[in-house]
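What follows is one structure encoded as C-alpha cells, with my remarks underneath.
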Amino acid sequence: MITLGALNLDCDERLWVPQGEHSPGVEFRPLMFQPGEGSFVNLLRVRRHGIVSRHRHAGAVQAFTLRGRWHYLEYDWWAEEGSFAFEPPGDIHTLEVPADCPEMITLFITTGAYIYVDDDFKMLGIEDVFSKLAKTRAHYQAMNLDLSLVDALIR
C-alpha cells in the first residue's frame with residue numbers, strides 16, 4: 001500500500017489533526033496505523049514555541065526532522081532539518097521548540113505508546129495507535145472528509 005504525497009508538508013489543512021485541547025498549535029498528520037503491531041507513523045507539526053510535552057516511550061521511536069528544529073531538555077543535541085533521532089523504549093524526555101522556530105515538522109515512526117508525565121513523573125495520560133486512530137476518525141468526520149481516507153491508512 002502507498003500513501004501518495006506523504007511528505008507534502010503544505011497539504012490540505014484539514015488533514016492535520018489537532019493533538020488535543022491542552023496542546024494548542026500542535027497537530028499531527030497520520031500516515032499509517034498498524035493496530036496489530038501497536039505502531040503508527042505521523043508527521044508532527046508544531047506552530048508555537050515552548051514545551052510541547054514530557055513523555056516516556058513504551059517502545060522505540062525514530063524521528064526525521066523535515067522542517068524547523070527541536071530538542072529534548074534532557075539532552076544537549078538539537079534535531080534540525082534533515083536530522084535523524086532514535087529514542088529507545090523507556091526513555092523520558094521533554095520536547096521543546098525554540099522561540100526562533102515558527103514551524104517544526106518531524107516524521108515520527110512510533111512503536112508502542114507515549115505515556116505523558118508531569119514534573120514528578122506521575123502519569124497524565126497515554127496515547128497509542130488506538131487513540132491516534134480514534135482522534136483521526138473524529139477529526140476527519142468533523143472536517144467532512146471521506147472516512148475511507150482513514151481506513152486507507154490502516155495496515
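Positions are given from 1, in the same order as the sequence printed here.
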Return the minimal non-hydrogen interatomic distance between [X] and [Y], and the atom names on each side.
| X | Y | value |
| --- | --- | --- |
| I154 | R137 | CD1-NH2, 3.6 Å |
| L31 | A6 | CD2-O, 3.9 Å |
| E96 | L73 | OE1-CD2, 3.2 Å |
| L44 | W16 | C-CZ3, 4.5 Å |
| P89 | A60 | CG-N, 3.6 Å |

Problem set entry | Pair listing, salt bridge (Lys or Arg N to Asp or Glu O under 4.0 Å) test, anchored in residues 23-32, at least two apart | E27-R45

Side-chain contact, heavy-atom cut-off 4.5 Å: [X] with [Y]?
| X | Y | answer |
| --- | --- | --- |
| Q34 | S39 | yes |
| T65 | W70 | yes |
| V97 | V52 | yes |

Separation of [Y] [atom2] from [X] [atom1] (nearest 0.5 Å):
| X | Y | atom1 | atom2 | answer |
| --- | --- | --- | --- | --- |
| H71 | C101 | NE2 | SG | 11.0 Å |
| I92 | H55 | CD1 | NE2 | 10.0 Å |
| R56 | I115 | CZ | CD1 | 6.5 Å |

Return the orientation label for the [X] and [Y] ring planes: parallel under 30°, perpendicular over 60°, tilted otherwise.
| X | Y | answer |
| --- | --- | --- |
| W77 | Y72 | perpendicular |
| Y116 | Y114 | tilted |
| H57 | H93 | tilted |

Exercise. So, for F33 and F40, is the gap between ring centers shorter than 6.0 Å?
Worked result: no

Please determine whether a side-chain nitrogen of the Lys or Arg among [X] and [Y] lies less than 4.0 Å from a carboxylate oxygen of the Asp or Glu.
| X | Y | result |
| --- | --- | --- |
| D120 | K122 | no |
| E127 | K135 | yes |
| E81 | R69 | no |

Exercise. Are L95 and F64 in one and the same hydrophobic cluster, where Ile, Leu, Val, Met, Phe, Trp and Tyr link if side-chain heavy atoms are under 4.5 Å apart?
Worked result: no

Exercise. Does one hydrophobic cluster hold both V61 and F28, with members joined at side-chain heavy-atom distances below 4.5 Å?
Worked result: yes

Within the distance-only criterion (no hydrogens, no angle test), does the side chain of [X] pair as donor or acceptor with the backbone N or O of [Y] below 3.5 angstrom?
| X | Y | value |
| --- | --- | --- |
| E74 | T94 | yes |
| R48 | P24 | yes |
| S23 | Q19 | no |

Exercise. Of the options L15, V17, V150, which is the one that meets P30 in a side-chain contact (heavy atoms from CB on, under 4.5 Å)?
Worked result: V17

Exercise. Would R155 and T3 count as having a side-chain donor-acceptor pair, cut-off 3.5 Å?
Worked result: yes

